[in-house]
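Shown next, in structure tokens, is the structure this report addresses.
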Amino acid sequence: MKRLIILLTAAALLAAGIEAGAQRPRPNANLPKWEGVADTPQMGWSSWNCFMTDINEDLIKATAEAMVELGLVDAGYVYLNLDDGWHGERDENGFIHEDLEKFPSGMKALADYLHGKGLKLGIYSDAGNFTCACYSGSLGHEYQDAITYAAWGVDYLKYDWCFTNDVNPKGAYTLMRNALRKAGRPIFFSMCEWGSNKPWEWAADVGHSWRTTGDIGPAFLPVETSYDENGRRRWKPQSVLEIIDKNEPLRQYAGPGHWNDPDMLEVGNNITVDGVYYEMTNSEDRAHFTMWCMMAAPLILGNDLTKITPETLEIIRNKDMIAVDQDPLGIQGLRLRNEDNLQYWFKPLVGGAWAFCIMNTGEEDRVLPLDWPALEVNDELSGRSTDFASTNYSVKDLWNKDAKPFTTLVKGKGKQRGQMVANVRDVTVKPHDVVAFRLTPVL
Ligand code: GLA
């Protein structure tokens, strides 16, 4: 009897325990990333490409004013991102502070100022002990840093990959994702490990975008390796064409909430590094911008906005091109042909429309027929096809505003009377330049 009572008591306690356990949240350190901050690729400006670590409050405020006055905020460029070099020291409790010589009003005041102008503040850190420019990294301080950023009013974090020996990439980025979520303020999480660990294969629920390549520079064609007078190999940037080749095969991994990031824009920028001057022509800038839009890439400007030329402004403010990038379907474009210095690209857009562009990477003008049946696209990824034989599209030139729209199918004449036939036209594509069109089905 005594034994039975003990057994019954044990069973009751066990049942109660199970019930109590079921009511407690299950232990799980992981938290979801913030949703709804990356439905379309991020747009904004970053200090790195032009200013590197030479940044300060005056420059950032002047840039913010330019972004508003030039109509860039209205065009969608809302993030103003401080890259490397804003950092001061960590205090005795491990909390990071801004460099008060560079940012005398402090980061919170800067965030308030930017928010008041309709902008959002981006900041930069690193998964290792140090950032790439050797400021304090976030390793071991992830939750502290996330809380600090949230308290300052930060909206975007670019998280780099320097000094990460023995750091596990998925673990490190997941840890920071959790920390950002726990800190309670929606923050866009821009992963920057240069594609070293194939983040496209594992980071869809970790970050909102991931870099797919090394660092871009204002160079259209690949840069030759060169050595300085001491025999030291010079830094060389990834060129626009190399980056396109690396980013192109990754289209299946991009989509709303998680984008391939082929690095920031170099439109209108120039730099001298290791004694070498880099700059692109206006045509190359246009081709670079167009290709980033075709690839649904983040549009993060990298030029000095306080000294912008009308030519640069015309490129970055092209609303039709931006709409291609920001299309709500969020499908990265596909390269239909890549031969003879010509690349043909298509991107499925909302409402049965397509963006179409031809890039001439060679050195001569090219006169090319827009022969629609020969440009047929059957895109397995999106399940869409252009179906030029039976769908008539209205074709709008996205760079030449004076060109009148025309249709892909017209009524045949002579023997073809009574049929709809392809309206084949010639187009000229300049060297290192593009032509781009939006094809909208005519109902
Ligand atoms: C790395 C990144 C760059 C930039 C620098 C800053 O090289 O890839 O985009 O953030 O660090 O030091």
Side-chain angles (χ1 to χ4, degrees), residues 41-56 59-60 63 79-88 96 98-99 102-103 121-139 145 149 154 156-165 167 169 172-173 176 187-200 203 207-219 223 233-240 242-243 246-247 250 259-267 269-274 276 278 288 292 297-304:
Q42 66 268 38
M43 292 177 65
W45 178 90
S46 157
S47 51
W48 182 254
N49 284 358
C50 181
F51 298 100
M52 302 181 123
T53 58
D54 191 11
I55 54 176
N56 60 56
L59 168 73
I60 298 307
T63 301
Y79 288 106
L80 197 164
N81 296 346
L82 307 181
D83 206 281
D84 212 345
W86 59 265
H87 318 66
I96 188 78
E98 61 283 72
D99 179 339
K102 288 179 174 175
F103 296 93
L121 173 62
I123 215 162
Y124 162 97
S125 189
D126 189 288
N129 274 317
F130 298 97
T131 70
C132 296
C134 292
Y135 294 87
S136 179
S138 290
L139 184 65
D145 286 357
Y149 304 153
V154 166
Y156 186 108
L157 173 66
K158 173 174 167 183
Y159 205 47
D160 216 332
W161 192 238
C162 280
F163 303 103
T164 51
N165 291 341
V167 178
Y173 281 96
M176 192 41 120
I187 291 184
F188 188 108
F189 191 28
S190 158
M191 297 172 45
C192 177
E193 59 71 82
W194 323 307
S196 317
N197 302 283
K198 300 196 174 143
W200 43 89
H208 299 109
S209 66
W210 48 76
R211 281 274 295 279
T212 56
T213 74
D215 287 7
I216 195 172
V223 176
R233 200 169 75 184
R234 289 195 175 95
W235 176 81
K236 67 171 186 176
Q238 292 280 301
S239 66
V240 164
E242 288 166 299
I243 287 182
K246 287 187 179 141
N247 203 56
L250 305 176
W259 307 102
N260 289 321
D261 175 5
D263 207 355
M264 302 173 287
L265 294 166
E266 291 284 7
V267 181
N269 190 31
N270 60 70
I271 50 168
T272 302
V273 184
D274 276 358
V276 183
Y278 299 93
H288 164 38
W292 263 231
L299 299 179
I300 303 291
L301 304 167
N303 57 318
D304 183 349

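Atoms within a ligand are numbered from 1 in the order they appear, just like the ligands themselves. Remember, it's a predicted structure, so these values are computed and weren't measured experimentally.
For Thr131 and Asp84, the side-chain atoms include at least one donor-acceptor pair closer than 3.5 Å. Under 3.5 Å, the side chains of Asn247 and Thr212 contain a donor-acceptor pair of N or O atoms.
Tyr173 and Trp161 have their aromatic ring centers within a separation under 6.0 angstrom. Between Phe130 and Tyr135, the gap from one ring centroid to the other reaches at least 6.0 Å.
Of the options Asp263, Asp261, Asp160, a side-chain hydrogen bond (donor to acceptor under 3.5 Å, both in side chains) to Trp194 is made by Asp160 and by none of the others.
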Between ligand 1 and the protein, give all atom pairs where both partners are nitrogen or oxygen and the distance is under 3.5 Å, as lines of names plus distance to 0.1 Å.
| unit_1 | atom_1 | unit_2 | atom_2 | d |
| --- | --- | --- | --- | --- |
| ligand 1 | 7 (O) | Asp215 | OD2 | 2.6 |
| ligand 1 | 8 (O) | Trp194 | NE1 | 3.0 |
| ligand 1 | 8 (O) | Arg211 | NH1 | 3.2 |
| ligand 1 | 8 (O) | Arg211 | NH2 | 3.3 |
| ligand 1 | 8 (O) | Asp215 | OD1 | 2.5 |
| ligand 1 | 8 (O) | Asp215 | OD2 | 3.4 |
| ligand 1 | 9 (O) | Lys158 | NZ | 2.8 |
| ligand 1 | 9 (O) | Arg211 | NH1 | 3.3 |
| ligand 1 | 10 (O) | Asp83 | OD1 | 2.7 |
| ligand 1 | 10 (O) | Asp83 | OD2 | 3.4 |
| ligand 1 | 10 (O) | Lys158 | NZ | 2.9 |
| ligand 1 | 11 (O) | Asp160 | OD2 | 2.8 |
| ligand 1 | 12 (O) | Asp84 | OD2 | 2.7 |

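Annotation: side chain of Ser46 is not in contact with side chain of Tyr124 (no heavy-atom distance under 4.5 Å).
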